[in-house]
Amino acid sequence: MTKFWLMKSEPGCFSIDDLAESENQTTPWDGVRNYQARNFMRDQMEIGDHVLFYHSVKNPSVVGTAEVVKESYPDFTAWDPDDPHFDPKSSEENPRWFMVDIKLLEKFSNPVPLKFLRTVGGLEGMELLRKGSRLSVMPVAKDEFKIICRIGKE
DNA sequence: GCCAACGTTGGC
DNA sequence: GCCAACGTTGGC
């Protein structure tokens, strides 16, 4: 059963264009250091799940879609002291952080701003729209995913 | 740059 | 296990 997700990225850090230019348009989703977000990736994401790619910070928007192409494995960037997401409590023997690989499906011709999402019927229950929502990886309902895709392709 | 909301840490 | 202090996220 295909599941649906939303993943946040700061475009200055890794944008959908960076994904488009990656080898095979695929990237490991490294750097997540939040347990709830990790658990979604580690325990629930499966190959073939679909992802809304979200840019935060400036005019935050859903900018496209991607697909999970590799299920969770240890986030090795946590072991690198020179990496900004280094975590000394994670080790190869006992990894604390996990990631999946995602592959670009489609870059929206019409990116959908957060501001607009708040006005769309059927999205009232979205985790993303909750005040103070800070999760960087979150589940999305199938209907919500479809609504947003339809707008994004307009 | 501000700040509200939230997560994590650590002393007790 | 509680909770105060602190750090981070992310919209504005």
Side-chain angles (χ1 to χ4, degrees), chain A residues 3-22 27-45 49-68 72-102 104-141 143-154:
Chain A
K3 293 184 289 303
F4 299 88
W5 306 94
L6 182 143
M7 292 164 107
K8 293 181 183 175
S9 181
E10 297 191 16
C13 182
F14 190 85
S15 71
I16 195 160
D17 289 324
D18 293 326
L19 178 61
E21 287 161 18
S22 299
T27 188
W29 202 256
D30 62 81
V32 171
R33 297 293 179 267
N34 169 282
Y35 291 103
Q36 223 182 327
R38 177 204 69 180
N39 292 347
F40 284 135
M41 288 197 293
R42 188 188 60 183
D43 305 335
Q44 293 193 37
M45 278 196 193
D49 282 1
H50 285 198
V51 175
L52 294 171
F53 196 110
Y54 179 84
H55 281 174
S56 59
V57 184
K58 201 181 67 181
N59 189 24
S61 309
V62 179
V63 292
T65 55
E67 179 182 13
V68 175
S72 75
Y73 59 107
D75 181 345
F76 47 76
T77 66
W79 307 331
D80 177 1
D82 296 325
D83 191 278
H85 301 293
F86 174 62
D87 180 357
K89 292 175 190 152
S90 186
S91 65
E92 290 193 49
E93 299 73 37
N94 189 17
R96 173 174 296 215
W97 303 112
F98 290 80
M99 58 190 177
V100 298
D101 285 0
I102 65 165
L104 181 69
L105 279 178
E106 184 175 21
K107 188 179 160 182
F108 283 167
S109 49
N110 179 42
V112 190
L114 178 63
K115 254 186 281 182
F116 186 74
L117 290 177
R118 295 189 189 284
T119 71
V120 177
L123 302 182
E124 295 84 359
M126 272 190 88
E127 164 69 22
L128 180 71
L129 304 185
R130 248 192 59 239
K131 189 178 179 184
S133 167
R134 295 193 316 175
L135 260 184
S136 63
V137 175
M138 66 182 82
V140 172
D143 289 346
E144 295 165 348
F145 191 94
K146 278 162 58 181
I147 291 170
I148 294 169
C149 278
R150 193 178 321 123
I151 300 167
K153 294 176 188 183
E154 274 171 8

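Below, each value reflects all heavy atoms present in this structure, side chains not excepted, and no hydrogens, waters or symmetry copies. Just so it is clear: chains get the letters A, B, ... in the order the sequence lines come, proteins before strands, and each one is counted from 1.
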Original post:
Between which nucleotides of DNA chain C, read 5' to 3', does contact with chain A run, using atoms under 4.0 Å from its heavy atoms?
Top reply: C:dG7 to C:dG11

Subject >> DNA chain C-proximal residues of residues 51-62 of chain A, any heavy atom under 4.0 Å >> reply: A:Y54, A:S56, A:V57, A:P60

**OP:** Could you label the plane-to-plane angle of the A:W29 and A:F53 rings as parallel, tilted or perpendicular, counting under 30° as parallel and over 60° as perpendicular?
**Re:** perpendicular

Enumerate donor-acceptor pairs with a distance under 3.5 Å from any side-chain N or O in residues 120-132 of chain A to protein atoms, sequence neighbours excluded.
from   : atom 1 : to     : atom 2 : distance (Å)
A:E124 : OE1    : A:G122 : N      : 3.0
A:E124 : OE2    : A:G122 : N      : 3.3
A:E127 : OE1    : A:R130 : NH1    : 3.0
A:E127 : OE2    : A:R130 : NH1    : 2.9
A:E127 : OE2    : A:S133 : OG     : 3.2

Original post:
Does anything in residues 120-131 of chain A reach DNA chain B, meaning a heavy atom under 4.0 Å, and if so which residues?
Top reply: A:R130, A:K131

Pairs flagged by salt bridge (Lys or Arg N to Asp or Glu O under 4.0 Å) wherever [range] is involved - sequence neighbours left out:
range                       : result
residues 132-141 of chain A : none
residues 32-43 of chain A   : A:R33-A:D75
residues 49-61 of chain A   : A:K3-A:D49

Just to verify, what does [X] make a side chain to side chain donor-acceptor pair (under 3.5 Å) with, not counting sequence neighbours?
X     : value
A:S15 : A:D18
A:W97 : A:D87
A:D80 : none
A:D83 : none

**OP:** Return the set of residues passing ring pair (Phe, Tyr, Trp, His ring centres under 6.0 Å) with A:F40 (not counting sequence neighbours), or none when no residue passes.
**Re:** A:W5

Original post:
How do A:R118 and A:H85 order along DNA chain C: which one's closest nucleotide is nearer the 5' end?
Top reply: A:H85

